[in-house]
Every structure is written in structure tokens, then in C-alpha cells.
Protein chains: 2
Amino acid sequence: MQPSNVVPPARFGAQARLRALQSDIMELILDRELEPGDALPTENELCLALGVGRNTLRESLKVLQALGVIEIRHGFGMFVAPSNFEALADGLIFRGRLSLRHHGLEARQLVDVRHALEAGLIGSAMDEMTAEQLAAVEESVIRMEESAEAGEAFVEADAEFHRRLFEPLSNELLLNLLGVFWKVYRKIYTEVGPGVEDLPALAAVHRNIYSAVAAGDKARAARELTHHFEGFRQRIREAVGE
Amino acid sequence: MQPSNVVPPARFGAQARLRALQSDIMELILDRELEPGDALPTENELCLALGVGRNTLRESLKVLQALGVIEIRHGFGMFVAPSNFEALADGLIFRGRLSLRHHGLEARQLVDVRHALEAGLIGSAMDEMTAEQLAAVEESVIRMEESAEAGEAFVEADAEFHRRLFEPLSNELLLNLLGVFWKVYRKIYTEVGPGVEDLPALAAVHRNIYSAVAAGDKARAARELTHHFEGFRQRIREAVGE
DNA sequence: ACCGTAGCGGATGTCCCATGTCCCCCGAAC
DNA sequence: GTTCGGGGGACATGGGACATCCGCTACGGT
């Protein structure tokens, strides 16, 4: 009936079996040479093919959906999906917020990871940056400055600035990862941040980063990025130190 | 029937509702001030508290488990978990393998991300490294060399080497992330790798990295790491170019 | 002939229930 | 005091029923 890959003697841990089922589904996608965008078999067909019940199957399917492996469209079908890190961000944000209730260790580590990523990569990004890309970065800075002058927050321009900074690496996966940490940072920021932000100062920090990049001074660019994060680390310490 | 926080007019996408449920569960953990290791309410209690059926709840729960937010122990209960990136690695490995069927773009990007992480962080790690930690790194290299001489593969020593290299940063989260990319790299490596590995050469590469670190030469350390990855990028190109 | 809409079929979403499995706890026996 | 085994609670799995949604098609009006 089934390929014999089902339920050894159930002697394995339940957790391992669920992971095995996820692997089986991914293996099936690879075996059938499905490409992103292609439809998967229906739930019932998968139940039969994998020899598990619909509930069990759906639990694995949902996990794969959260991991961005598949996309599920209600009433239509399931498809191999392009990358999607949304769920990862949510999980990390949760961990950061959870840690803020204690000593904020993980929150600081999350910020440190973003810091390490950006400071470590800025040099390579500068090597590859074209004049157009540099101009795009400055455009984001200008939008920040305009917003700051008008007293408006500039979340969007901030995200764009950092994205454009690393676009020259032309690594979509890396940009997604940086985007995740940007989002995590942003969330932790609003959690521990002060009621009012010093918008002009924040815009100035980005202006400094830009000018270091424009000058081709990698060491200074990394240093300016460090400033960008250092103040925030301090604030976390204060927030949990109370 | 249910508390009324359910299904506005069901006008929302199904995907969004599932994500909202996950958020609700995480909010509930934060509200009740549960710490890692604490037990969550039972499934039935959560069903009542959140106003959803058990299956729907379980699908969200499994996602949170995969994200490392909670830990489910069969027959005992559910608990707030320490970080766990296992599922993330599986998802990334899948994407890499999937891309190898075509042009290997994502596989190369995955390797590039690991490269960028390690090369970008090695400098900071060297700043913080103590003599004991340096000795531990060399110990891993020696184990590699011994294994290579005996003609045995050294997967474990390899993982340990890279982990010890970045332990000085004392950022558990970052080490987990690097561990994920190590695992992804390893998997892609065995997928496209040659039947036989040049073990002595591989050990020598690590020896070179170590000596650059021991000498305190950051630029050379980053360069040696680049060598470590460059050959592999080439092999991916060959594997998909055939 | 064209277009808008109502209806149909199929697939996923949600839920409940029954049964299997596992784990911790505690009491009894040694 | 230690060990073994039963009990009870909690999760795991499977199946079925019904709700909901989506894309397609066929009908009817213009």
C-alpha cells in the first residue's frame, strides 16, 4: 500500500516522525522535479502517497508554509513557493520581547547579529556599488531628512536605506535575511524605545553612514554603523536595568 | 459558541488568520509572563482561551514548535523553549537543493551568505579571542589533520572548528545562525561534492585559517576564509553547468 | 456577438470525536 | 531507601462532516 516508509514501529519520538514527514514532503517535491510555482498534489493524494492522516499531514504542511517552502491557497491548491522569511522574523521578535522581561540578553544578541551583519558586509557592498546605487542610497537619506524636518517618522525610508546599502551584493537571500533582522530591530526598538524619537539625529546618523560610503572609506562606514547600533544597545540595558 | 474574537466576517485571508493565531499564542505567553521552561496551558485550555478548534490550534502550535518558540513533549505538556533553528536549516537546505535542479542560484547565495558572515565577523572574533579559545581552535585543526592522515572524514571537527572560531563573540544566537549555515553548506556540499574529498587539502585550508588568526592578521584570515569558499562556489557552477 | 453574473466542482479550512501513545508521579513491594 | 509498575493526564493520529473559498463555466441579458 505505502512505500514502507511509514511508522517504523512507532518506536521513534513523535517529534522525529513529524520532521521525517516534512522531509518526505520535500523529498517528494524534489523527486517529481517540481519548480517554484508548480502545484503540489492535493491533500488527499498526499495522505495516500505518504500513508498518514489528513490532520497529521496538514500539521507538516503548515510548518512548511511557515518556512516559506510551500504556499497554500484556500480553495485552489498548494504550490512550491519562493523564499519567505516572515515566520522567522516573528519567531525572533518573540524571543527578543520575551528576553526583555528579564535581562534582555537575546534582544541584545539580536541587535548584535544585525550589527555584525551590516558592519561586516558594508565593505564588500561598497566594492560592488555603482553610482546609481549610491545615488539611491542618498535619495533615501534625503527622504529621511525631509520627514525629520516635518516631524514625521520615517520607517519606510529607513528600511529602504538599509536595503539599498546592500543591494550591490546582489544576493536576494542575504537581503531577505537582513530584512528579517531589520524588522526584528524595529520591533524591539518600539518596545523599549522612548516615547519621542530624536528624528533629526537619526537622520544625521544615516547621513554620516552615507557620506562614509560615498567617500569610499570602509573603516569609517563600519564605525558609523556601529554608532547607529551602540546607542540602541545602551537603551536596552537601561530598559531592563530599571 | 466562541468568545467573539473569532472570524470577523471570515473576510480575511486564511493565511492571515493563521498568522494571527500564532501571534495570539505568543501574546498569551508574554501576557502571562511565562519564562523559558514554563509550561503552557493544555491544548484544550488554549482552545477555549483562543476560541478555535483543536486542529486549528495544533497547526499553529506545530509552526511555533518548528520556529523554536515552544517545545512539545508528548504526553506531558508544552513549554516555552530555548532557541531552536533546526527547522530553518531544513527549509534552507530544501531551497538550495531545489535550485540545484536549475541554475543553482540559491545554493550559491546560501554559500555566499555563510561566506559573508564568517569573513565579516572574523575580525571582531579575533579581537575578543583569548589564548584558551585560540588553543581550542588549533585543537580542532589537529583533529582534522589526524583524521585526514587516517583517511577518515572529519565532519564533527569541521563544525567544531567554525563554532570555536566565533565563540569569542559570546553571542549564542549568532552561533546558532552560523551553525545553520554550516549545516546548509555541508548538505549542499555532499549533494554536489565529488565522490572523494581531498581531505589533506581541506585540513590544510583550516590550518591556514588558524595560523592567520594566531598571527592576528585579520585581512589574511578573511582571505583564507574566502579561499575556503571559493573552490566550493566553482564546484557548484560546474555541477549545474553540466 | 459580447459581457456580467450566478452556479458548480473541487480543494482547503475548521471542527469534533475516538483511540493510540507517551510521560511523570506516586504508591506498593522488596 | 530503592525499584518497579499502575494510574491518570496530556499529546498524537486518524477519520469524518461541514463550512468556506476560489476559479471556471454556462447561462441570460443586452
Side-chain angles (χ1 to χ4, degrees), chain A residues 1-2 5-25 28-29 34 37-66 69-81, chain B residues 1-25 28-29 34 37-66 69-81:
Chain A
M1 187 101 221
Q2 291 111 2
N5 56 357
V6 262
V7 194
R11 198 68 192 122
F12 247 60
Q15 213 156 323
R17 287 183 50 192
L18 186 61
R19 278 173 60 84
L21 182 53
Q22 291 167 28
S23 293
D24 286 346
I25 297 170
L28 182 143
I29 293 174
L34 300 178
D38 287 354
L40 271 71
T42 68
E43 290 183 348
N44 281 324
E45 286 171 333
L46 282 176
C47 289
L48 266 56
L50 300 173
V52 297
R54 187 162 172 244
N55 283 332
T56 308
L57 175 73
R58 275 176 64 74
E59 284 170 6
S60 286
L61 251 16
K62 290 293 177 178
V63 171
L64 292 181
Q65 181 191 31
V69 171
I70 64 173
E71 181 184 344
I72 301 177
R73 289 167 62 183
H74 187 172
F76 192 43
M78 300 180 293
F79 305 83
V80 181
Chain B
M1 189 127 240
Q2 287 113 358
S4 86
N5 56 355
V6 263
V7 196
R11 199 67 189 124
F12 248 57
Q15 215 158 321
R17 288 180 49 192
L18 188 60
R19 279 172 61 82
L21 182 53
Q22 292 165 27
S23 292
D24 285 347
I25 297 170
L28 182 143
I29 293 174
L34 300 178
D38 287 354
L40 270 71
T42 68
E43 289 183 348
N44 281 324
E45 286 171 334
L46 282 177
C47 289
L48 267 57
L50 300 174
V52 298
R54 206 170 91 97
N55 279 336
T56 307
L57 175 73
R58 273 176 64 73
E59 285 169 5
S60 287
L61 251 16
K62 291 291 180 177
V63 170
L64 292 181
Q65 181 192 29
V69 171
I70 65 172
E71 182 184 345
I72 301 178
R73 290 164 66 181
H74 187 167
F76 191 44
M78 300 180 293
F79 305 83
V80 182

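From a predicted model like this one, the values you see are computed outputs, not experimental measurements. Residue numbers start from 1 in every chain, and the chains themselves are labelled A, B, ... in the order their sequence lines are given, proteins ahead of strands.
Residue Arg17(B) has no polar side-chain atom (N or O) positioned under 4.0 Å from OP1 or OP2 of dG13(C). Here Arg58(B) does not reach the OP1 or OP2 of dC11(D): none of its side-chain N or O atoms lies under 4.0 Å away. For dC11(D), the OP1/OP2 oxygens have no side-chain nitrogen or oxygen of Lys62(B) closer than 4.0 Å.
Of the inter-residue distances, the one linking Ser60(B) atom OG with Glu59(A) atom CD reads 10.5 Å to the nearest 0.5 angstrom. Residue Thr56(B) holds its OG1 atom at 11.5 Å from CG of Leu61(B), rounded to the nearest 0.5 Å. Taken from CE in Met78(B) to CD1 in Ile25(B), the straight-line distance is 8.0 Å, to the nearest 0.5 Å.
Applying the salt bridge (Lys or Arg N to Asp or Glu O under 4.0 Å) definition to pairs two or more places apart or across chains, none involves residues 69-80 of chain B.
Looking at heavy atoms from C-beta onward, Leu46(B) lies in side-chain contact with Leu28(B) at the 4.5 angstrom threshold.
For Glu43(B), the salt bridge (charged side-chain N to carboxylate O under 4.0 Å, His left out) partners are Arg54(B), Arg58(B), not counting sequence neighbours. Residues meeting the side-chain contact (heavy atoms from CB on, under 4.5 Å) test with Gln65(A), sequence neighbours left out: Lys62(A), Ile70(A), Ile72(A), Gln15(B), Leu18(B). The side-chain contact (heavy atoms from CB on, under 4.5 Å) check on Asp38(A) picks up Leu34(A), Glu35(A), with sequence neighbours excluded. Scored by the side-chain contact (heavy atoms from CB on, under 4.5 Å) test, Thr42(A) finds Asn44(A), Glu45(A) as partners (sequence neighbours excluded).
In this structure, Leu48(B) atom CG and dC15(C) atom P are separated by 12 Å, rounded to whole Å. Rounded to an integer number of Å, the gap from CG of Leu46(A) to P of dT12(C) is 8 Å. Atoms CG (Leu57(A)) and P (dA12(D)) sit 16 Å apart, rounded to a whole Å. In this structure, Leu18(B) atom CG and dC21(D) atom C1' are separated by 16 Å, rounded to whole Å. In this entry the distance linking CD1 of Ile72(A) with C1' of dT20(D) reads 15 Å, nearest Å. Atom-to-atom, CZ of Phe79(A) to P of dA11(C) comes out at 11 Å; the value is rounded to the nearest Å. In this structure, Ile70(A) places its CD1 atom 16 Å from P of dA11(C), rounding to the nearest Å. Whole-Å rounding puts the Glu59(A) CD to dT14(C) P distance at 13 Å.
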List every contact pair, protein side and nucleotides 17-19 of chain C side both N or O, where the distance is under 3.5 Å.
none

What protein N or O atoms touch nucleotides 5-10 of chain D N or O atoms at under 3.5 angstrom, if any, and at what distances?
{"residue": "dG9(D)", "atom": "N2", "partner": "Gly75(B)", "partner atom": "O", "Å": "2.6"}

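Comparing the helix axis at one end of the helix from dA1(C)-dT30(D) to dC30(C)-dG1(D) with that at the other, each defined from 5 consecutive pairs, gives an inter-axis angle of 10° (nearest 10°).
When all heavy atoms of Leu21(A) and Leu57(A) are compared, the pair lying nearest together is CD2-CA, 4.2 Å.
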